[in-house]
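Encoded as structure tokens, the structure appears first; notes follow it.
The shown structure was predicted, so the numbers you read here are calculated from the model rather than taken from an experiment. Just so you know, ligand 1 is whichever comes first in the structure, and atom 1 is the first atom listed for that ligand. Values below: every heavy atom of this structure, side chains too, minus hydrogens, waters and symmetry copies.
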Amino acid sequence: MCGIFGSVANSVEYSTIKQGLKNLAYRGYDSAGIAVATNNGVMIERTEGHPKFLPDLDLRGTVAIGHNRWATHSPPTKDNSHPYTSNDNKISLVHNGIIENYTEVRRFLEEKGFTFYSQTDTEVLPNLIQFYLSRGDDLQAAMRHTAKHVEGAFGVIFIHADYPNQMNLMKLGSPMYVGRADDAVYVCSDAYSFPEEVKTFSSIDDSKILIIRKDSVDVQDLNGTKLTLIFEEKNVSADTYCLGKHEHYMQKEIHEQFDYVVSALAGRIRDAEIKLGGLEDCVESFAQSKQIIFTGCGSAHNAALVGSLAMEEVGRLMCRQMPAGELKYTDLLVDDKTWLVTVSQSGETADVIGCIKNMKNKGAKVLGVVNTPNSTIYQMTDCGIHIRAGKEVSVASTKAVTNQMLAMLLLAYKIGLENGCSYRDYKDFLSEVQKLPYFINRVIAQEEKIKDICGHYKDSKTAFVIGRNVLEFIAKEIALKVKEISYIHAEGYSGSELKHGPLALIDDKILNVCLLDKNFYPEKTISNIEEIRARGGKVILITNYTKHEIENKIYDRLISVETGSNKYITAMVFNIVGQLLSYHLALHNGRDVDLPRNLAKSVTVE
Ligand code: F6R
């Protein structure tokens, strides 16, 4: 969602903060702003839209903070963008998250004579700090009292004009990282977006107050107890923000899947054994559980659906699944024999975090399928599998989804071997999963053809994506990608459900993307496709049949891909075709593929 970036040094360039905000734009933005403490006081710049629209200024100071806003409480106007100032103009503050009791706090402050110039929840924060300072608190006490007075989740940094050599930070719920370089300290909403020169970083725990100077970081909890931060090596590949030969990060991340699948498999299959280091202490308890609940949001939830099916069919454990935002408020039967599997790329999704808290209170144990070490979700889980997908910059999740499914398949087959899946199926899986990078590259090699096909269907107003069994979940995932990136209305369905309602909509204007696995009841899907054809529906067929094995009357366009016989791996390969389809449909429609409207990379509010 929002992004925060700040720095303290002998001389902090305004342009460094602007670049930091540009790097964070992938998390979502609709306005942006920067404050710099200079010799002439605090200078503030704001803009609507992308941080690149902030003016280019030759400005420097001792401390500077910046913010990309993703509107929740009020329209994305320049006036509503951060930084916010206190009534006495001394405090300039940026905020990620939500202040849930802001109406009450605002009333409290208005009664004390404070006035407000925006409709946002954030504006109460600088004024509440000013209020506590005016009561005689020192700065840290004012921060502690403010943090206790407000309810919600927040990550805040601010400059106070009376303390021009320090940045002040309050953290409760929204991710914040402090990074150290040789002669500067940085604060950032994620550990990947620090500048190159940052060598070590620390993830800030909840309920902490920090005073950050160029050569020191003082930490305390909300009772004023002093604490120490532990810093670790930053390990981010230098080409994360480099597009190379690609046009967009989404394209780059789709193409990178060969490498990241290789990386996710590295060391995990040895002597016909699946090794998942992060599970060693809990795999026994997991294998004996009464039920497993799979959860996540959006694409991660679609991956969880695949994982759940595999865990039931291969791992032979009772599974169910629900989107995290629903699971949190659903009174399922859960006890200490329940395991929750949470799937999240960012590790910061608020619905998943809420869900973990709720399930843990009921006694469940939690296994995380995570991409971001040290993220909040990573820290809340009992054990986990790191999916090793590297950083995703594009808002639409692609390589992480592939690696999430891969991680859950490894887990399902590992458990399956204990719980009775046939050794032959297990061995077949092991040999086929190692061919996945090859299958992926064979799909990428067809990109020009896929692009051309998309050109013919770019004006479609609606797309149906259909598949059966595991391909139903891939259909949902492809439909999600199509709608979020190209803004074409799309629905993912089970082929078997078509005749129970959706067929009413089929005519020659609707695009149908049909997923057909020749190894899984193909005749059933073919008859679904015939139902579509009989009503004039246009069909793009994604299949592992070759052109010569399938009658051409059932499709308008054919995308034939190479797979083995494992239906889950086939599903992952088809999904990559779907990623390229949605990418090129979006490009043909002139969309901003990496930053689609109304979406954020990391959804840190409910
Ligand atoms: C879709 C997409 C979103 C995310 C969802 C969960 O392409 O990116 O649907 O999958 O917001 O995010 P994480 O995985 O970070 O929890």
Side-chain angles (χ1 to χ4, degrees), residues 1 3 26-28 70 174-175 189-192 248-251 253-254 257 294-307 321-328 340-356 366 368-381 384-405 407-408 465 473-474 476-487 490 492 575-576 578-583 585-586 591-606:
M1 312 234 61
Y26 79 94
R27 294 170 65 87
W70 197 82
S174 290
S189 302
D190 72 43
Y192 292 105
H248 301 94
Y249 286 108
M250 182 172 176
Q251 188 191 39
E253 289 160 11
I254 293 172
Q257 291 179 100
F294 284 77
T295 198
C297 298
S299 290
H301 177 249
N302 291 332
L305 294 174
V306 173
Q321 349 71 25
M322 210 180 268
E326 297 301 327
L327 183 54
K328 184 178 166 192
L340 178 72
V341 176
T342 55
V343 187
S344 174
Q345 188 284 127
S346 62
E348 301 295 350
T349 302
D351 282 333
V352 181
I353 293 171
C355 188
I356 296 177
V366 185
V369 176
V370 289
N371 195 33
T372 315
N374 299 312
S375 59
T376 308
I377 292 172
Y378 169 88
Q379 287 170 21
M380 291 172 86
T381 52
I385 311 175
H386 181 208
I387 65 166
R388 304 180 186 162
K391 182 173 174 59
E392 276 188 340
V393 176
S394 187
V395 163
S397 190
T398 52
K399 58 180 179 166
V401 178
T402 298
N403 280 21
Q404 286 161 351
M405 292 183 202
M408 286 183 280
V465 190
F473 308 140
I474 299 302
K476 288 186 189 304
E477 172 55 13
I478 295 175
L480 175 63
K481 254 346 54 111
V482 168
K483 66 184 121 186
E484 77 172 308
I485 301 298
S486 69
Y487 315 154
N575 188 45
I576 289 162
Q579 293 171 354
L580 286 171
L581 268 180
S582 42
Y583 173 71
L585 274 176
R591 308 300 187 210
D592 186 353
V593 276
D594 282 337
L595 294 163
R597 68 186 180 203
N598 302 337
L599 294 178
K601 184 70 189 157
S602 175
V603 186
T604 51
V605 293
E606 266 196 52

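Among the candidates K476, E484, E477, Q345, the single residue satisfying the side chain to side chain donor-acceptor pair (under 3.5 Å) test with S299 is E477.
Looking at L599 against ligand 1, nothing comes within 4.0 Å, counting heavy atoms. The proximity of H301 to ligand 1, defined as any non-hydrogen pair under 4.0 Å, does not occur for either the backbone or the side chain. Contact annotation for E484 and ligand 1: only side-chain heavy atoms (C-beta onward) come within less than 4.0 Å of the ligand.
Considering only heavy atoms from C-beta on, I474 comes within 4.5 Å of M405 through its side chain. Side-chain contact between R591 and P596 is absent, with no heavy-atom pair separated by less than 4.5 Å. Between P373 and H386 the shortest side-chain heavy-atom distance falls below 4.5 Å. With contacts defined as side-chain heavy-atom distances shorter than 4.5 Å, the pair V306/M408 does not qualify.
For atom 5 (C) of ligand 1, the closest non-hydrogen atom on the protein side is C297 O, 3.4 Å. From the protein, the heavy atom lying nearest to atom 12 (O) of ligand 1 is T349 OG1, 3.6 Å. Looking from atom 11 (O) of ligand 1 to the surrounding protein, the closest heavy atom is V603 CG2, 4.1 Å. Summary of contacts: the protein heavy atom closest to atom 10 (O) of ligand 1 is S299 N, 3.2 Å. Looking at atom 14 (O) of ligand 1, its nearest protein heavy atom turns out to be Q345 N, 2.6 Å.
Not a single donor-acceptor pair under 3.5 Å links the side chain of T349 to the backbone N or O of D351. Formation of a donor-acceptor pair under 3.5 Å by the Q257 side chain with backbone atoms of I254 is found in this model. Side-chain N or O atoms of K399 include one that pairs as donor or acceptor with a backbone N or O of K391 at under 3.5 Å.
Inclusion of A396 in the set of residues having an N or O under 3.5 Å from an N or O of ligand 1 is not warranted.
Under a 4.0 Å heavy-atom criterion, K481 is in contact with ligand 1. A heavy-atom separation below 4.0 Å is found between V395 and ligand 1.
The side-chain contact (heavy atoms from CB on, under 4.5 Å) search around T295 returns A324, L327, L340, T342, C355, not counting sequence neighbours.
Those atoms of ligand 1 with a heavy atom of G298 less than 4.0 angstrom away are 9 (O). Using a 4.0 Å cut-off to heavy atoms of A300, the atoms of ligand 1 that qualify are 10 (O), 14 (O).
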